[in-house]
> 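One structure is given below, represented as structure tokens, and several questions about it will come after.
Since we're looking at a predicted model, the values are computed, not measured.
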Number of protein chains: 2
Amino acid sequence: MATRGRPRTFDPDTALRRALDLFWERGYEGTSLNDLAEAMGIASASIYSYFGSKENLFRKVMALYGTTSGEPPRRALHKQPTARTAIHDMLRATADEITRPDTPHYCMLILAAPTGAVENHAVREFLADLRRDMFATVKDRLARGVTDGDLTAPAAGLDAIARYYTTVVQGLSIQARDGADRAELESVITCAMAAWDTLTSAPSHRAMISSRSGR
Amino acid sequence: MATRGRPRTFDPDTALRRALDLFWERGYEGTSLNDLAEAMGIASASIYSYFGSKENLFRKVMALYGTTSGEPPRRALHKQPTARTAIHDMLRATADEITRPDTPHYCMLILAAPTGAVENHAVREFLADLRRDMFATVKDRLARGVTDGDLTAPAAGLDAIARYYTTVVQGLSIQARDGADRAELESVITCAMAAWDTLTSAPSHRAMISSRSGR
DNA sequence: CTCATTATTTATCGAACGACCGGAAAACCC
DNA sequence: GGGTTTTCCGGTCGTTCGATAAATAATGAG
């Protein structure tokens, strides 16, 4: 290995975890380097020497977030046997994650940087890309349901259904942020799943794209 | 009237409108006083003398926002004759508003300040209160449908249904922010409305609040 | 031990932040 | 006119922003 030079005194993993907690609570722009340095237990200069920049630190934080808090919903999505139970369990896993007593009550991916100063456009697009991936993952799971035979929805409607449940996931974050508890989120999920049979059985979704005169 | 003293050289309404545009694009914390002063065409001291503070300016901006962009969805909600058409049209009016070519593609009420620095907690709660009002307005409209006779859902389920459609509204903002166009939002709305019959006809929503073991 | 290498701390950078003066400018009153 | 009131602009307050340079400390290599 040959670790020459002065050894690091801080543990990168725990430092990253502390940075995650702070970014999660305050968002990207709401978290300052001084805040981060204090929480991580190192000087801000050490953050730059190891993580490169504030933006780069945030990207690594999001990677950690994806493998921790993002894992239960993702696992539900491809461990459940049918498309229906996969979506349903994914929603419930999401609700579980955003109502944990020890973390902020919302999804960091969704609320850490939806808007902000012009100079942080790259960060916002980075998160937007991850959210679009989320939509694609949901859609892929629905497509798998079709090939598995447990879903009979027309291929043309998969896009709409995937976007619909992605929208619900994202809306749940606002609800939890504003104080909705786990039971209230569950009631939303129940309502959202009430559309499933109509969406997947009836082939009447040819008219999904309705032309609508401007108001 | 007796307007003593030096008359104002700027029009408060247009200045407020300019502030609205900037806050809308960059969010609360992402907009600086220098940015605002430049866009409003007045010095930052004039902002303080007339609007009080950055936070107070933002509150007045949100009031303007509510009476402009917030009006179409609100009007749809209580102009439509039935609860169903009211909800449906409210969703479409929302989609119209957040895909207008001349404004940012999201609802300012939802995304201007979901997270941020600790010192701006009051602003976030101010917006959260407005969002909770939004939920209450939807719920009231459903209750009106019950008294009008066009809605047969049990009173216990009104909370869940109102929260569900509020969640969809809020999710739509993220979708539009991430690039979904008007037609894609319409497909989400169609999916969301597909749950209506199931939610309002079947009285099986006694089990809406399901006890769920932690995972 | 000596020296090269790496990590960390301290100090600081220029710029921007929100906030707030002091005074000039422009209207009203009498 | 003079005196008063109000608005506006320029400037600047102390602080904090993200980022960096220099100096110190701690290790392995030779």
> Examine the side chains of S32(B) and D35(B) and answer whether a donor and an acceptor come within less than 3.5 Å of each other.
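Yes - a donor-acceptor pair under 3.5 Å links their side chains.
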> Contact class for S49(B) vs. all strands (heavy atom < 4.0 Å): base, sugar-phosphate, or nothing?
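Nothing: the residue S49(B), judged by heavy atoms under 4.0 Å, touches no strand.
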> Parallel, tilted or perpendicular: which one describes the rings of F23(A) and Y28(A), with boundaries at 30° and 60°?
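Geometry flag for Y28(A) against F23(A): parallel rings.
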> Can you tell me which nucleotide in dG18(D), dC17(C), dT5(D) comes closest to the side chain of K54(A)?
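Side chain of K54(A) sits closest to dG18(D).
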> Rounded to whole angstroms, how far apart are CZ on R4(B) and C1' on dC30(C)?
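Atom CZ in R4(B) sits about 10 Å away from atom C1' in dC30(C).
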> Provide, to the nearest angstrom, the distance between the CE atom belonging to M40(A) and the P atom belonging to dT8(C).
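Atom-to-atom, M40(A) to dT8(C), this comes out as 11 Å.
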> Give the rounded distance in Å between these two atoms: CG of L36(A) and C1' of dC17(D).
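For the pair L36(A) CG and dC17(D) C1', the rounded distance is 12 Å.
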> Give the rounded distance in Å between these two atoms: CZ of F51(A) and C1' of dT20(D).
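Atom CZ in F51(A) sits about 18 Å away from atom C1' in dT20(D).
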> Side chain of R8(A), heavy atoms from C-beta onward: which of dA7(C), dT7(D), dC21(C) has the nearest atom to it?
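Of the candidates, dA7(C) comes closest.
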> Please determine, for the side chain of R6(B), which listed nucleotide (dT10(C), dC28(C), dT7(D)) has the closest atom?
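Given the options dT10(C), dC28(C), dT7(D), the side chain of R6(B) is closest to dT7(D).
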> When you measure from the side chain of S32(B), which nucleotide among dG18(C), dT5(D), dC9(D) comes out closest?
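Of all the options, the side chain of S32(B) is nearest to dG18(C).
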> Are a donor atom and an acceptor atom from the side chains of E184(A) and Q175(A) found within less than 3.5 Å of each other?
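There is no such pair between these side chains.
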> Respond yes when some side-chain nitrogen or oxygen of N34(A) is under 4.0 Å from OP1 or OP2 of dG18(D), and no when none is.
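Result: no.
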> Taking only N and O in the side chain of T9(B), is any of them less than 4.0 Å away from OP1 or OP2 of dT7(D)?
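Answer no for this pair, as no side-chain N or O of T9(B) is under 4.0 Å from OP1 or OP2.
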> Above 12 or not: heavy atoms from other molecules or residues under 6.0 Å from CD of E71(A)?
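Yes.
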> What contact category does F10(B) fall into here, base, sugar-phosphate, or nothing, at under 4.0 angstrom with non-hydrogen atoms?
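Sugar-phosphate, no base atom in range.
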> Mark yes when over 12 heavy atoms from residues, nucleotides or ligands other than E38(A) sit less than 6.0 Å from its CD; otherwise mark no.
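No - once you tally the heavy atoms of other residues, nucleotides and ligands closer than 6.0 Å, there are 12 at most.
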> How would you label the contact of S44(A) with the nucleic acid (heavy atoms, under 4.0 Å): base, sugar-phosphate, or nothing?
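Base contact.
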> Taking atom C1' of dT6(D) as reference, at what distance in whole Å does atom CD1 of I42(B) sit?
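Between C1' of dT6(D) and CD1 of I42(B): 15 Å.
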> Looking at the side chain of P7(A), which of dA27(C), dT5(D), dA26(D) is the nearest nucleotide?
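Of the candidates, dA26(D) comes closest.
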> To the nearest Å, give me how far apart CD1 (I47(A)) and C1' (dT10(C)) are.
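For the pair I47(A) CD1 and dT10(C) C1', the rounded distance is 15 Å.
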> Nearest whole Å is fine: how far is dG18(C) P from F58(B) CZ?
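After rounding, the reported distance stands at 14 Å.
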> What contact category does S53(B) fall into here, base, sugar-phosphate, or nothing, at under 4.0 angstrom with non-hydrogen atoms?
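Touches nothing.
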> Starting the side chain at C-beta, find the nucleotide from dT20(D), dT8(C), dC8(D) nearest to S46(A).
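Of the candidates, dT8(C) comes closest.
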> CG of L57(A) versus P of dG18(D): gap in Å, rounded?
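Value for this atom pair: 11 Å.
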> Nearest to the side chain of A43(B) - dC17(D), dT7(D), dC9(D)?
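Taking heavy atoms from C-beta onward, the closest nucleotide is dC9(D).
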